[in-house]
K.L.:
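Okay, handing you the structure first.
Only a predicted model underlies this, so the values are computations on that prediction, with no experimental measurement involved.
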Amino acid sequence: MATDTFWSDVDRHLVRYAGPGSFTGEIIDRAEGSFVFAEDGRRILDFTSGQMSAILGHAHPEIVETVRKQAAKLDHLFSGMLSRPVVDLARRLAETLPDPLEKALLLTTGAESNEAALRMAKLVTGKHEIVSFARSWHGMTQAAASATYSAGRKGYGPGAPGNFAIPVPGADWEPQLDLAFDLIDAQSVGSLAACLVEPILSSGGILVPPPGYFQALHRKCRERGMLLILDEAQTGLCRTGTWYAFEHDGVVPDILTVSKTLGAGLPLAAVLTSAEIEQEAHERGYLFFTTHVSDPLPAAVGNTVLDVLIRDRLDERARQLGARLRTGLEEIAARHEAVGEIRGRGLLAGLELSGGGPDADKLGARVTQRCLELGLHMNIVQLPGMGGVFRIAPPLTAADSEIDLGLSILDEAIGDVSRS
């Protein structure tokens with residue numbers, strides 16, 4: 001197919017699902033390791049791990065072999081049937097987690113896992129109201145989208161009833177949190193079921209809540225009989241330098257959701273909870289019977305992901321590479337006035353662009369485009385009036401030289417745009 005025909009078909013037949021600038025101007029032909037390759041042969045360093053998911057890079061040979069073998073043996077079943085990969089993955093996930101998280105439900109996407117978690121919390125508590133951060137992103141399906149405040153709320157009619165937003169914690173977070181729950185208590189109809197939050201807000205601009213915040217939030221939940229649900233779609237499975245980001249915060253959630261990183265780019269998600277909560281849900285008739293629940297093919301991939309993470313000590317590697325990445329970003333910040341704060345943890349980093357003035361909102365888009373021209377794929381969260389925050393999440397398998405290459409290109413791109 002000719003290139004002009006390809007783009008004509010894009011315009012004629014594809015639904016644009018991400019607003020303005022839905023698609024990059026590249027036809028991607030293949031991917032390997034930390035790079036994707038355009039159809040014209042151009043190599044592009046992937047600093048987003050696909051959709052923040054491919055923690056083992058692209059086309060990891062062990063993942064490829066698992067898919068080949070498992071697809072030839074057993075890929076999909078009636079949802080009430082069980083297979084060894086599913087039970088093995090449930091057990092092994094429990095082994096990576098503190099007590100009492102020992103029960104797993106295997107699904108496909110982050111949105112689906114959050115739907116399942118919220119459905120479970122509502123059933124177990126007998127309540128329906130949900131609290132989330134004002135810059136949250138939990139998915140695009142009904143309950144998950146209703147708990148998402150960073151984008152996508154206008155124009156779609158009413159969301160699920162009983163959803164409340166609380167501010168993202170700032171420096172003076174303790175009185176802020178008290179006031180937030182005073183307001184929630186004033187608005188609640190007495191049916192507070194759960195608090196669904198990300199340990200690090202990604203679409204909110206790579207915001208890391210301060211030490212002590214999640215312990216205080218957990219107490220607020222306990223005082224009201226609410227369950228704490230942590231969404232670790234982007235932070236789980238070693239990306240932040242520990243197996244789970246909540247390990248930094250001295251809390252254990254009542255329900256944990258993981259997705260993106262669990263399948264290393266393939267569609268796999270999980271809900272994990274205690275035997276006590278699972279038992280209560282079961283006795284009340286918990287129903288989440290979906291087409292691809294407990295599918296053996298993605299479960300087999302999940303087992304291989306755990307094999308590689310454990311064998312190669314990728315939690316340690318994420319800490320090492322994360323330190324290298326942060327040092328490089330701080331050096332870039334020192335050279336460019338347009339760069340503001342550097343934040344994040346491990347291999348999930350944020351670089352804030354704060355160019356100021358009427359063109360601030362355009363700065364991030366221009367730097368993103370220049371990076372792509374130079375061979376680096378970046379993702380930016382656009383914050384109106386603030387210029388934006390780059391979300392940087394290379395594969396945990398990246399080489400030191402690849403981190404350095406990405407930093408060099410980003411440095412050059414910011415310089416080029418600042419001078420233009």
Side-chain angles (χ1 to χ4, degrees), residues 1-55 57-59 109-110 137 140 150-152 202-203 205-206 233-234 260-261 263-267 338 347-353 355 359-384 387-395 398 402-403 405-418 420:
M1 179 189 298
T3 299
D4 56 350
T5 302
F6 176 91
W7 291 112
S8 175
D9 285 349
V10 168
D11 291 339
R12 185 174 182 182
H13 297 297
L14 290 190
V15 172
R16 289 163 289 184
Y17 47 81
S22 291
F23 308 113
T24 63
E26 307 279 344
I27 304 174
I28 303 303
D29 179 62
R30 65 184 183 90
E32 182 178 352
S34 298
F35 294 88
V36 298
F37 296 84
E39 197 170 65
D40 61 8
R42 204 164 75 87
R43 188 179 77 159
I44 302 167
L45 182 61
D46 183 4
F47 251 33
T48 65
S49 298
Q51 190 61 38
M52 321 296 283
S53 304
I55 55 172
H58 298 281
T109 69
W137 184 291
M140 287 284 94
S150 62
S202 178
S203 292
I206 311 295
Q234 296 190 31
K260 295 176 182 289
T261 55
L266 278 79
L347 277 180
L348 181 61
L351 180 146
E352 182 177 321
L353 292 177
D359 294 328
D361 295 342
K362 300 177 183 177
L363 179 64
R366 291 169 61 204
V367 174
T368 302
Q369 180 58 37
R370 183 58 181 147
C371 282
L372 188 60
E373 292 168 359
L374 295 170
L376 174 67
H377 181 257
M378 296 284 284
N379 172 265
I380 192 158
V381 177
Q382 292 285 9
L383 304 174
V389 178
F390 280 113
R391 295 191 295 173
I392 303 171
E402 292 167 347
I403 298 296
L405 174 61
L407 289 165
S408 175
I409 294 174
L410 177 60
D411 189 19
E412 181 179 352
I414 294 172
D416 289 349
V417 170
S418 297
S420 64

K.L.:
Give me the atom names and distance for the closest heavy-atom approach of W7 to G25.
P.N.:
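Distance-wise, the nearest heavy atoms are CZ2-C, 3.8 Å.
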K.L.:
Any heavy-atom pair between the side chains of V367 and L410 that's under 4.5 Å?
P.N.:
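The answer is yes, as the side chains (C-beta and beyond) meet within the 4.5 Å cut-off.
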K.L.:
Taking only residues two or more places apart in sequence or in another chain, which ones pass side-chain contact (heavy atoms from CB on, under 4.5 Å) with L266?
P.N.:
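Applying side-chain contact (heavy atoms from CB on, under 4.5 Å) to L266 gives I63, V67, V301.
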K.L.:
Suppose we screen for side-chain hydrogen bond (donor to acceptor under 3.5 Å, both in side chains). Which residues come up paired with S202, at least two apart in sequence or across chains?
P.N.:
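With neighbours one apart ignored, the set is Q234, R391.
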K.L.:
Check whether S49 reaches the backbone of A393 with its side chain - one donor and one acceptor, N or O, closer than 3.5 Å.
P.N.:
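Looks like yes, one N/O pair under 3.5 Å.
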K.L.:
Quick one: pull up CD in Q369 and CG in L374 and give me the separation to the nearest 0.5 Å.
P.N.:
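Q369 CD to L374 CG: 10.0 Å, rounded to 0.5 Å.
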K.L.:
How long is the straight-line distance from CG of N379 back to OG1 of T48, given to the nearest 0.5 Å?
P.N.:
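Atom-to-atom, T48:OG1 and N379:CG are 6.5 Å apart.
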K.L.:
For residues M52 and L348, report the shortest heavy-atom separation together with the two atoms involved.
P.N.:
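That closest heavy-atom pairing would be CE-CD1, 4.2 Å.
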K.L.:
Would you say S418's side chain and G415's backbone share a donor-acceptor pair under 3.5 angstrom?
P.N.:
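Flag not set: sc S418 to bb G415 has no pair under 3.5 Å.
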K.L.:
Just how far is it from atom CD1 of I55 to atom OG1 of T261, taken to the nearest 0.5 Å?
P.N.:
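Here the interatomic distance stands at 5.0 Å.
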K.L.:
Given L376, which partner from the list L45, T368, I44 fulfils the side-chain contact (heavy atoms from CB on, under 4.5 Å) test?
P.N.:
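When side-chain contact (heavy atoms from CB on, under 4.5 Å) is applied between L376 and each of L45, T368, I44, only L45 qualifies.
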K.L.:
On a heavy-atom basis, which atom in I380 and which in G364 lie closest, and how many Å separate them?
P.N.:
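Looks like CD1-CA, 3.3 Å.
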K.L.:
Using the test salt bridge (charged side-chain N to carboxylate O under 4.0 Å, His left out), find all partners of R42 that sit at least two apart in sequence or belong to another chain.
P.N.:
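Applying salt bridge (charged side-chain N to carboxylate O under 4.0 Å, His left out) to R42 gives E26.
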K.L.:
Backbone N or O of Q51 within a donor-acceptor pair of the K260 side chain at under 3.5 Å?
P.N.:
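Yes.
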K.L.:
Closest approach of I392 and M378, non-hydrogen atoms and distance?
P.N.:
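What the structure gives for the nearest pair is CG1-CE, 3.7 Å.
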K.L.:
Nearest heavy-atom pair of G205 and V381: which atoms, and what distance?
P.N.:
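Result for this residue pair: N-CG1, 4.4 Å.
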K.L.:
Sorted by first residue and then second, give each salt bridge (Lys or Arg N to Asp or Glu O under 4.0 Å) pair with at least one member in residues 370-380; sequence neighbours left out.
P.N.:
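Sorted pair list: R370-E373, R370-D416.
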K.L.:
Tell me the closest heavy-atom pair linking D46 and P395, and the distance in Å.
P.N.:
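Looking at all heavy atoms of both residues, the closest pair is O-CD, 3.7 Å.
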K.L.:
Can you list the steps and then say if L14 with F23 is a side-chain contact (heavy atoms from CB on, under 4.5 Å)?
P.N.:
CA-CA 10 Å; L14 290 190; F23 308 113; 4.3 Å; yes
K.L.:
Can you sort out the partners of E32 under salt bridge (charged side-chain N to carboxylate O under 4.0 Å, His left out), two or more places apart, ordered by chain and number?
P.N.:
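With sequence neighbours excluded, E32 shows a salt bridge (charged side-chain N to carboxylate O under 4.0 Å, His left out) to R30, given in chain and number order.
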K.L.:
Holding to side-chain hydrogen bond (donor to acceptor under 3.5 Å, both in side chains), I want the full list of residues that pass it with S150, two or more places apart in sequence or in another chain.
P.N.:
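Scan of S150 (side-chain hydrogen bond (donor to acceptor under 3.5 Å, both in side chains), adjacent residues dropped) gives none.
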